[in-house]
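Please read the structure below before turning to the comments.
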Amino acid sequence: MKFDVKKVKIIVTVPVENSEEIRNAICDEGAGIIGNYTYCTISTKCIGTFKPSDNANPYIGENNKLEFVKEEKLEARCDINILKKVLKRLREVHPYEESAIDIIPLIEEEDL
């Protein structure tokens, strides 16, 4: 089978206090559309861990100290044609120096 990827799922972890701003930013750019609905996202509370190196400029935490942070994993579908625009905006509003962003290709049911 060969699939033409038309949509992806963007998954990003964000500090809980920044989740609404980031949700609005990516959806304002066109992510999160499912049929006749807009701003379709899902978020899951989680604990993120990281240890900033000497060269890091952490938004939260201290260099060389393992941090445990309450975060939300925010997920939204996105049309492949606007993905770069959405990611650019996401990075503009995300507070982390290095944001963990996953992009997963989606298979549309009609392509099966």
Side-chain angles (χ1 to χ4, degrees):
M1 267 186 191
K2 184 176 178 182
F3 298 103
D4 182 25
V5 176
K6 298 173 190 149
K7 297 195 181 297
V8 298
K9 181 169 277 194
I10 300 170
I11 303 171
V12 61
T13 52
V14 301
V16 172
E17 64 269 14
N18 300 92
S19 63
E20 185 175 349
E21 177 186 16
I22 292 170
R23 176 181 292 106
N24 288 336
I26 65 173
C27 290
D28 286 348
E29 291 296 329
I33 295 175
I34 300 175
N36 294 322
Y37 296 83
T38 61
Y39 286 75
C40 300
T41 65
I42 187 168
S43 62
T44 308
K45 304 252 188 248
C46 57
I47 302 293
T49 63
F50 57 89
K51 186 177 183 181
S53 72
D54 284 331
N55 298 324
N57 183 23
Y59 173 71
I60 297 172
E62 300 174 28
N63 296 67
N64 296 307
K65 180 181 175 207
L66 182 62
E67 301 292 339
F68 294 82
V69 178
K70 290 181 182 177
E71 294 181 315
E72 284 191 33
K73 181 169 57 170
L74 181 62
E75 302 180 33
R77 293 172 57 109
C78 183
D79 189 295
I80 195 81
N81 296 321
I82 63 167
L83 179 59
K84 285 190 177 187
K85 176 178 79 163
V86 171
L87 292 174
K88 180 178 185 278
R89 184 68 182 130
L90 174 92
R91 286 190 175 97
E92 288 172 355
V93 298
H94 201 295
Y96 288 170
E97 182 177 29
E98 301 287 343
S99 43
I101 301 170
D102 295 329
I103 302 166
I104 300 173
L106 299 175
I107 298 170
E108 299 295 326
E109 187 175 358
E110 61 267 12
D111 292 338
L112 297 176

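Just so it is clear, the structure is predicted and the values come from calculations on it, not from any experiment.
Within the 4.5 Å cutoff, no side-chain heavy atoms of Val14 are placed close to those of Tyr96. Using a 4.5 Å heavy-atom cutoff, the side chains of Glu67 and Thr49 are not in contact. Contact of the Pro105 side chain with the Ile80 side chain is not registered, since no non-hydrogen atoms from C-beta on lie closer than 4.5 Å. Side-chain atoms of Val69 and Tyr59, non-hydrogen and from C-beta on, never get closer than 4.5 Å to each other. No side-chain heavy atom of Val12 sits less than 4.5 Å from a side-chain heavy atom of Ile26.
Looking at residues two or more places apart in sequence or on another chain, you find no side chain to side chain donor-acceptor pair (under 3.5 Å) involving Asn63.
Ile42 contributes atom CD1, which lies 7.0 Å from atom NZ of Lys9 (distance to the nearest 0.5 angstrom).
Residues Ile104 and Ile10 do not share a hydrophobic cluster, defined by chaining ILVMFWY side chains whose heavy atoms lie under 4.5 Å apart. Linking Ile, Leu, Val, Met, Phe, Trp and Tyr residues whenever their side-chain heavy atoms come within less than 4.5 Å leaves Ile11 and Leu106 in two separate clusters.
The only option from Glu71, Glu20, Lys73, Arg23 that meets the side-chain contact (heavy atoms from CB on, under 4.5 Å) definition with Ser43 turns out to be Arg23. None of Val86, Thr41, Thr38 except one satisfies the side-chain contact (heavy atoms from CB on, under 4.5 Å) rule with Cys27; the exception is Thr41.
Across all their heavy atoms, Ala25 and Arg89 have their closest contact at O-CG, 3.8 Å.
Side chain of Ser53 to main chain of Asn55: a donor-acceptor pair is present (N/O by atom type, distance under 3.5 Å, no hydrogens or angles).
Ion pairing of Arg77 with Glu108 is present here, as a side-chain N (NZ or NE/NH1/NH2) and a carboxylate O approach within less than 4.0 Å.
The environment of NZ in Lys70 is sparse: at most 12 heavy-atom neighbours from other residues, nucleotides or ligands sit within 6.0 Å.
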